[in-house]
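Some notes on the structure that comes next.
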Amino acid sequence: PSSMMCSCNYTYVGPALLVLPLFFISLVNLFVAGPPLKTIVLESSGPSYSATLPYLQLHVDGASATFSLQPKDEMTHFFVVTCYASAAKTPLYFDAQVVGKKTAHAAPIALVAASTRPESARNSPMQDTHVLQMLQPLLGYSEYQVDLKALSTGSGIGASVKMKDAPLPSMEFRVTYVPTAFTYTQICVRSFFTFTSACLLLAYALAMCRTNTLLEHGQLWMTALLVLLMALNDPLYVARVLVGGNQLMYTASVLGQIFFSGGLFMFWLVYADGMNSTETTRPFCSFYLPKCSLVFVYVVVSALMFLLHGRVPDRIDVGDAGPDISTSQLELVVVLSASLVGVGVWLSCLVGRAIYRLGWKKVEYIYTEREKSFVGITMVFVILWLCGHLYRAVHGRRGSWMQLQLPFLTLTNSYLALLTHAFWPNEGRGQPHASETEGDRSDSAKEQGLLDDEDEPPEPTRLRLGSGRDHVLTEQGLLGDQETDGQGWERGMTDLAIWPGLGRGTTGTPPGHSVATE
């Protein structure tokens, strides 16, 4: 009874454990990490202006302006430069070029260019030509320089119009970047989860090697998910920050996160569908192929979105809000959204069908402890994940996704830790796992098919009339008797008297008979 009590408590209290780490990491975000973005605002009074900060210098001279940024010990990941000419009365256009230097005296290397000219491929017809905004990820350079030039229309008509330099009016310059305080907090949290996930993977692998029972499909899936969890925790994050940014390590980290999402979706669909199946064999074409196809579409489209357009959840894309999104990018967004909706609807139908067919009362007796834990923990995980995205959509502001990175990372690690506990292999010799005490009977029931309450045969009642013989009593009466050794019936027995002449449900004391039941 005590083991059953602990198992039952784990089934229902386990999902609640997902909330406690979220509360703790929210306090860390609020009081330790601070805001994810920091903005420096500089306002020039005309074509001649200068400003100097320890890590930033701005010099305006006539039609050009030059930013010099040294990100060491102040900026991490990326910076965004915004130039806004609010006092411009005539059409004004901007050209900008970002260059990087390994050392102060090294030759500059061209990185990113942007323009608000009408003929520029990067410029939208509806974009305000008095505003220029560009994002530059940090790529390991010690210094970045942003060269800005102002232009106005000159002679010519239509496509033959020529541009000429124009003095810069009073302008507002903004530099937005990720501060080191926020990044150092991310380093600590990610390092902790990387260490714990590595220890969990090692312990789980050792437990699987030591088990003397046949491994289940869910346990094999948990091994794969723990490997992918290492990629989600991004062990390259610390190295990327220390070297000042590296595009190859960043690409590997993002692809690892995409593969983890695909593996998690595949596990959900396979395990949830297996809960409703009474067949021991799972044909590849009918069982695995549809799920693989849907998840494969999600992984491929997500990878293409990042490799071609640089769009990932934890990166600011200043062109997202613009109407100049390309057709190919829009098609990828539509396919990606459709694949996510498909996974969600399919999983909801599988879990909902199981609960509808069996009922919550039957779930208690038909599902194994692992299956009940999977359903409960996954439902809470998905609900919290959707609440996070809903909060971002309703109350989101600049940098809100970066501020939600640690809560989402904590939620995922807690979810995998609880599932690992539920699917932990049996290391004992002939001793069943605690989570399987109630599941053994349900496993045999699944091999014979799931029976309804009214289809289950009633349990016969064994009666002992006199000594040395057992009589089996059912609703149809006494079916027969069996020889016994006359031992063991004295413990926990209740003396009953069933008089053959009395009707059903009537008791009495027949002379010379003592009746005992187990």
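Remember, predicted model here, so these are calculated numbers, not experimental data.
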Would you say [X]'s side chain and [Y]'s backbone share a donor-acceptor pair under 3.5 angstrom?
{"X": "Thr76", "Y": "Val178", "result": "yes"}
{"X": "Thr410", "Y": "Leu22", "result": "no"}
{"X": "Ser197", "Y": "Met230", "result": "no"}
{"X": "Gln133", "Y": "Cys83", "result": "no"}
{"X": "Arg370", "Y": "Trp424", "result": "yes"}

Shortest non-hydrogen contact between [X] and [Y], atoms and distance:
{"X": "Phe173", "Y": "Leu148", "value": "CE2-CD2, 3.9 Å"}
{"X": "Val295", "Y": "Gly262", "value": "CG1-O, 3.2 Å"}
{"X": "Ala96", "Y": "Leu132", "value": "CB-CD2, 3.3 Å"}
{"X": "Pro425", "Y": "Ala207", "value": "CB-O, 3.9 Å"}
{"X": "Arg190", "Y": "Leu232", "value": "NH1-O, 3.9 Å"}
{"X": "Gln329", "Y": "Met305", "value": "O-SD, 4.2 Å"}

Check the pair Gln136 / Val146 against side-chain contact (heavy atoms from CB on, under 4.5 Å), numbers first and verdict last. CA-CA 10 Å; Gln136 174 60 54; Val146 183; over 6 Å; no
For a 4.5 angstrom cut-off between non-hydrogen side-chain atoms, does [X] reach [Y]?
{"X": "Thr420", "Y": "Leu201", "answer": "no"}
{"X": "Leu229", "Y": "Phe193", "answer": "no"}
{"X": "Thr194", "Y": "Val238", "answer": "no"}
{"X": "Lys291", "Y": "Trp268", "answer": "no"}
{"X": "Lys38", "Y": "Phe182", "answer": "no"}
{"X": "Lys72", "Y": "Ser142", "answer": "no"}
{"X": "Met249", "Y": "Val243", "answer": "yes"}
{"X": "Val380", "Y": "Tyr415", "answer": "no"}

Val301 and side chain to side chain contact (heavy atoms under 4.5 Å, CB included): which partner among Leu304, Val297, Val299? Val297
Walk me through whether Tyr144 and Met75 qualify under side-chain contact (heavy atoms from CB on, under 4.5 Å). CA-CA 11 Å; Tyr144 295 85; Met75 304 179 183; over 6 Å; no
Going from [atom1] on [X] to [atom2] on [Y], what distance comes out if it is rounded to the nearest 0.5 angstrom?
{"X": "Leu390", "Y": "Ile383", "atom1": "CG", "atom2": "CD1", "answer": "12.5 Å"}
{"X": "Leu404", "Y": "Asn29", "atom1": "CG", "atom2": "CG", "answer": "8.0 Å"}
{"X": "Leu406", "Y": "Leu411", "atom1": "CG", "atom2": "CG", "answer": "12.5 Å"}
{"X": "Leu248", "Y": "Ser253", "atom1": "CG", "atom2": "OG", "answer": "10.5 Å"}
{"X": "Leu220", "Y": "Leu225", "atom1": "CG", "atom2": "CG", "answer": "11.0 Å"}
{"X": "Leu242", "Y": "Ile187", "atom1": "CG", "atom2": "CD1", "answer": "6.0 Å"}

Donor-acceptor pairs are to be reported for all side-chain atoms of residues 50-59 against protein atoms at under 3.5 Å, with residues two or more places apart or in another chain.
| residue | atom | partner | partner atom | Å |
| --- | --- | --- | --- | --- |
| Ser50 | OG | His59 | ND1 | 3.1 |
| Tyr55 | OH | Tyr177 | OH | 3.0 |
| Gln57 | OE1 | Gln70 | NE2 | 3.2 |
| Gln57 | NE2 | Leu53 | O | 3.2 |
| Gln57 | NE2 | Gln70 | OE1 | 3.4 |

Can you classify the ring geometry of Phe374 versus Phe267 as parallel (below 30°), tilted (30 to 60°) or perpendicular (above 60°)? perpendicular
Could you walk me through whether Phe423 and Tyr271 satisfy the ring pair (Phe, Tyr, Trp, His ring centres under 6.0 Å) test, starting with their C-alpha distance in whole Å, then the side-chain angles of each, then the deciding distance to 0.1 Å, before giving a yes or no? CA-CA 12 Å; Phe423 285 85; Tyr271 197 77; 5.2 Å; yes
Enumerate donor-acceptor pairs with a distance under 3.5 Å from any side-chain N or O in residues 98-106 to protein atoms, sequence neighbours excluded.
| residue | atom | partner | partner atom | Å |
| --- | --- | --- | --- | --- |
| Thr103 | OG1 | Ala106 | N | 3.3 |

Could you walk me through whether Asn413 and Phe192 pass side-chain contact (heavy atoms from CB on, under 4.5 Å), step by step? CA-CA 11 Å; Asn413 278 268; Phe192 170 77; over 6 Å; no
From CA spacing to verdict: side-chain contact (heavy atoms from CB on, under 4.5 Å), Thr251, Phe306: CA-CA 8 Å; Thr251 301; Phe306 169 70; 3.6 Å; yes
Can you see whether Gln97 engages Asp95 through a side-chain donor-acceptor pair at a distance of less than 3.5 angstrom? no
